[in-house]
Amino acid sequence: LAEATELHEASEAAARSERAQTRTPDRDDKVAGHFVVFVEVEGRMIELDGCMGKPIDHGQMLPDTLLHKAAGVIREQFFALAPGDPNFSVMALTAANASANGGDGLEADDAGLASLVELGFEEGPAKEALL
């Protein structure tokens, strides 16, 4: 890939294009969508959300529970603000051995599905996400 000069040149040209540039919204602008990330810092779950202006500390967390704790915040706070909003998606970037319940990985099985349903996700979309 490092030697794929045609791909590199096309990527560079696209990045320089006027059409590839977007205006950064002002701090007070209302945006329809943005990214939020949850991270573990010194045993605490921290939410990084550029619209909030500062990190949000969601409190102490046990080792290997970031996914479970973040799903709880998403369900209780985010979903509550916009119930049924179809413009919402979640992605988890985890180590290969991470899971929603501290086990050995999310799989499309009864235990993984039960864990997501327990967190408040509907069974159909949870099952689809696990496949």
Side-chain angles (χ1 to χ4, degrees):
L1 188 59
E3 296 178 21
T5 56
E6 287 181 25
L7 180 61
H8 179 72
E9 289 169 2
S11 174
E12 289 296 313
R16 284 190 298 269
S17 166
E18 285 291 320
R19 293 180 18 196
Q21 305 306 313
T22 57
R23 181 185 71 82
T24 303
D26 292 327
R27 170 114 1 238
D28 297 328
D29 286 353
K30 181 168 176 55
V31 294
H34 65 284
F35 294 94
V36 174
V37 65
F38 294 94
V39 295
E40 182 272 327
V41 177
E42 297 180 357
R44 303 187 71 77
M45 187 173 80
I46 306 298
E47 175 185 343
L48 303 175
D49 179 342
C51 291
M52 300 305 281
K54 64 181 181 179
I56 300 162
D57 186 343
H58 287 281
Q60 197 71 29
M61 56 178 277
L62 298 172
D64 299 322
T65 60
L66 177 64
L67 185 58
H68 188 272
K69 188 167 173 96
V73 170
I74 291 166
R75 182 190 70 239
E76 295 164 12
Q77 295 180 15
F78 296 7
F79 285 173
L81 292 174
D85 184 351
N87 297 315
F88 189 91
S89 59
V90 177
M91 178 188 316
L93 303 176
T94 67
N97 63 348
S99 79
N101 58 5
D104 61 351
L106 285 175
E107 297 181 31
D109 61 15
D110 292 339
L113 180 59
S115 180
L116 289 174
V117 170
E118 178 186 321
L119 291 170
F121 295 96
E122 293 181 24
E123 186 171 335
K127 190 174 205 172
E128 192 175 306
L130 291 173
L131 296 176

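For this chain, numbers begin at 1 and follow the sequence in order.
- Rounding to the nearest 0.5 Å places CD of Glu47 at 12.0 Å from NZ of Lys69.
- Rounding to the nearest 0.5 Å gives a distance of 10.0 Å between CE of Met45 and CD1 of Ile56.
- Evaluation of the ring pair (Phe, Tyr, Trp, His ring centres under 6.0 Å) rule for His8 yields no partner, not counting sequence neighbours.
- Under the salt bridge (charged side-chain N to carboxylate O under 4.0 Å, His left out) criterion, Glu42 pairs with no residue at all, not counting sequence neighbours.
- Partners of Asp29 under the salt bridge (charged side-chain N to carboxylate O under 4.0 Å, His left out) rule, at least two apart in sequence or in another chain, are Arg23.
- Atom CD of Gln77 has more than 12 neighbouring heavy atoms from other residues, nucleotides or ligands inside a 6.0 Å radius.
- Under the side chain to side chain contact (heavy atoms under 4.5 Å, CB included) criterion, Glu76 pairs with no residue, sequence neighbours left out.
- Looking at residues two or more places apart in sequence or on another chain, you find no side-chain hydrogen bond (donor to acceptor under 3.5 Å, both in side chains) involving Glu6.
- The salt bridge (charged side-chain N to carboxylate O under 4.0 Å, His left out) test applied to Asp49 returns no partner, not counting sequence neighbours.
- Not counting sequence neighbours, the partners of Glu40 by the side chain to side chain contact (heavy atoms under 4.5 Å, CB included) test are Met61.
- Chaining together hydrophobic side chains whose heavy atoms lie under 4.5 Å apart places Val39 alongside Val37, Val41, Ile46, Leu48.
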